[in-house]
Amino acid sequence: MVLEATMICIDNSEWMRNGDYSPSRFQAQADAVNLICGAKTQSNPENTVGVLTMAGKGVRVLVTPTSDLGKILACMHGLEIGGEMNLAAGIQVAQLALKHRQNKKQQQRIIVFAGSPIKHDKKSLEMIGRKLKKNSVALDIVNFGEDDEGKMEKLEALLAAVNNNDTSHIVHVSAGPNALSDVLMSTPIFTGDGEGGSGFAAAAAAAAAAGGVSGFEFGVDPNLDPELALALRVSMEEERARQEAAAKKAAEEASKQEKGGEEQSSSQEATMTEHASGGTSEADNKKNDLSDDDNALLQQALAMSMDEPASSHDLQDMEMPDVAADDPELALALQLSVQDSTKDSSSQTDMSKLLADQSFVSSILASLPGVDPNDPSVKEVLASMQSQSEKQDEDKATEEEEK
Amino acid sequence: MACTHDHSCEDHDCSSNWSLYKHIDLPKVTALNEANPGSVKSVFKAWEERLNSSGENLESNEGDPELLVYIPFTSDVKIKSVSVVGGADGASPSKMRVFINRDGIDFSDAQSMQPVQEWDLIENLQGVVEYQTRYSKFQSVASITLHFPESFGGDTTQIHYIGFKGEATQLKRDVVATIVYEITPNPSDHKTRAETGGGLSHVE
């Protein structure tokens with residue numbers, strides 16, 4: 001959240017036509033510039049960003065430091081590639097532009113994209129660096145594109161001359177499948193001196209990472225598309241409720257038989273998602289403690305005396321007979337799972353069941369910007385929630401044994 | 001002997017004269033070309049501690065003895081004189097140029113602008129020399145910028161203490177921070193006397 005005025009120096013020399021960064025070096029640079037502008041303005045609304053080009057006919061300031069993102073994006077249009085980059089002049093003009101910033105309280109920073117060979121010698125670059133340091137201007141260098149001998153050395157020397165207490169950075173990006181902007185997102189240039197990730201960068205990184213892999217229930221990230229996730233979850237619950245009602249009906253008609261290991265697999269059939277099976281297998285473990293048919297009957301009575309879940313089951317009793325006739329054991333299993341999960345759901349809402357699922361919670365937390373799942377306080381909370389749900393389960397188990 | 005007054009110091013406490021350091025807005029003090037960022041704040045202390053160089057001091061970067069120190073005050077002050085204690089072995093500043101009530105001066109500005117006053121300093125290791133100001137120009141100082149362009153031949157410039165003698169007024173040269181601007185007037189905010197119960201209205 002540092003208040004900062006930034007000047008970005010773009011390399012629009014002939015070397016930027018090359019396509020080794022997709023789609024072309026210049027386009028990759030433009031994308032990176034857009035991302036940086038967004039990140040800076042988001043980390044502090046009073047930050048300003050300006051842009052200048054270093055090649056072409058000469059150093060040209062496209063936009064002086066402003067917090068208006070639209071202006072910056074507009075000026076990136078229609079830029080022409082040509083000429084040779086003049087690094088020294090570019091940095092000096094950037095320094096001058098920063099000197100005349102409107103808000104003198106802002107820290108000064110220059111970000112340079114060095115894509116073409118550097119024709120200045122190390123000495124003059126070091127002098128420039130020292131001048132920047134003297135005026136407390138920080139410098140970030142993005143070294144990409146051409147890699148002739150001495151370029152890395154010169155840039156490192158420049159960085160050493162400027163660097164004051166690690167406020168300046170250099171990043172080397174080599175050509176490859178990763179986009180320039182993606183590589184930059186994880187660097188201190190984006191995250192701002194290790195302050196812990198601006199929200200923008202963290203969210204962008206999370207979105208990129210979570211794109212392919214989804215550890216979430218329905219293959220949909222609740223953060224990205226909460227309505228869809230909610231709709232999927234609701235329809236899942238309804239389907240499960242319907243199924244449980246059908247199972248209960250069958251159990252009322254079928255004779256009671258042994259429970260046992262079959263419950264596990266048959267309850268698997270009745271459920272569709274890993275989560276639901278988690279819920280019912282949890283219920284099944286408790287059922288293994290039951291020794292009596294009477295217990296089951298008693299629970300059924302209890303379940304029926306509970307509020308809405310039980311009443312909704314009555315409406316759907318008719319669907320059961322077919323299922324029941326075929327496999328009485330299946331029916332029994334379903335019935336028991338119904339009883340226990342109705343008890344579950346009445347004592348513990350679906351939401352808290354979800355919350356009790358450790359993996360779900362940690363994946364949600366991981367995608368929240370600014371929350372680090374490895375943070376000890378977060379771990380504590382998770383552990384306490386988990387122990388809370390375990391405690392609830394234990395309570396229920398002891399309750400049942402007493403009967 | 002701690003001061004060059006022609007009286008003995010037991011009569012009054014010299015340090016009370018040099019108490020303007022209490023009115024310095026320390027968090028906002030900045031310096032350019034300092035080797036350790038933030039070390040400039042350590043040079044503002046009580047008169048008794050001016051020779052106490054056990055803590056940090058302000059040092060310029062290697063090979064470049066130029067220093068620029070920006071000091072804002074919490075209220076307007078009148079400055080009678082300034083005292084500077086430098087480092088040994090030529091690391092003391094040899095000249096001092098000051099600018100008043102200007103923010104955001106950097107080296108190129110400082111070198112080209114005409115200062116309000118400038119002094120040739122001596123190597124004042126004991127802190128007994130004070131430099132008088134042209135008092136009429138230093139009547140309402142909200143911020144002062146000290147520029148030390150050179151040292152006595154040392155590679156760097158070190159400053160252990162900067163003290164100001166003078167008076168603090170209670171005036172604040174502050175920007176009004178909590179103004180509420182109206183886009184459209186809200187009649188309930190502007191009750192006239194007629195509405196609140198009547199009375200003679202008059203035009204002023």
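Naming: A, B, ... by sequence-line order, numbering from 1 per chain.
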Contact listing (chain B partner; residues 53-76 of chain A; heavy atom under 4.5 Å):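 Heavy-atom contacts from residues 53-76 of chain A to chain B are absent.
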Quick check on Met113(B): does its CE atom have over 12 non-hydrogen neighbours (other residues, nucleotides or ligands) under 6.0 Å away?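 Counting neighbours around CE of Met113(B), more than 12 heavy atoms of other residues, nucleotides or ligands fall under 6.0 Å, so yes.
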According to ring-ring contact (aromatic ring centres under 6.0 Å, His included), does anything in residues 81-108 of chain B pair up with another residue at least two apart or in another chain? List the pairs.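 Qualifying pairs: none.
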Distance-only donor-acceptor pairs under 3.5 Å across chain A and chain B:
| unit_1 | atom_1 | unit_2 | atom_2 | d |
| --- | --- | --- | --- | --- |
| Lys99(A) | NZ | Asp106(B) | OD1 | 3.4 |
| Lys99(A) | NZ | Ser108(B) | OG | 2.7 |
| Lys99(A) | NZ | Asp109(B) | OD1 | 2.8 |
| Lys134(A) | O | Asn33(B) | N | 3.4 |
| Lys134(A) | NZ | Asp64(B) | OD1 | 3.3 |
| Lys134(A) | NZ | Asp64(B) | OD2 | 3.0 |
| Lys134(A) | NZ | Glu66(B) | OE1 | 2.7 |

Tell me, please, which residues at least two apart from Ser124(A) pass side-chain contact (heavy atoms from CB on, under 4.5 Å).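 Ser124(A) satisfies side-chain contact (heavy atoms from CB on, under 4.5 Å) with His120(A), Asp121(A) once adjacent residues are dropped.
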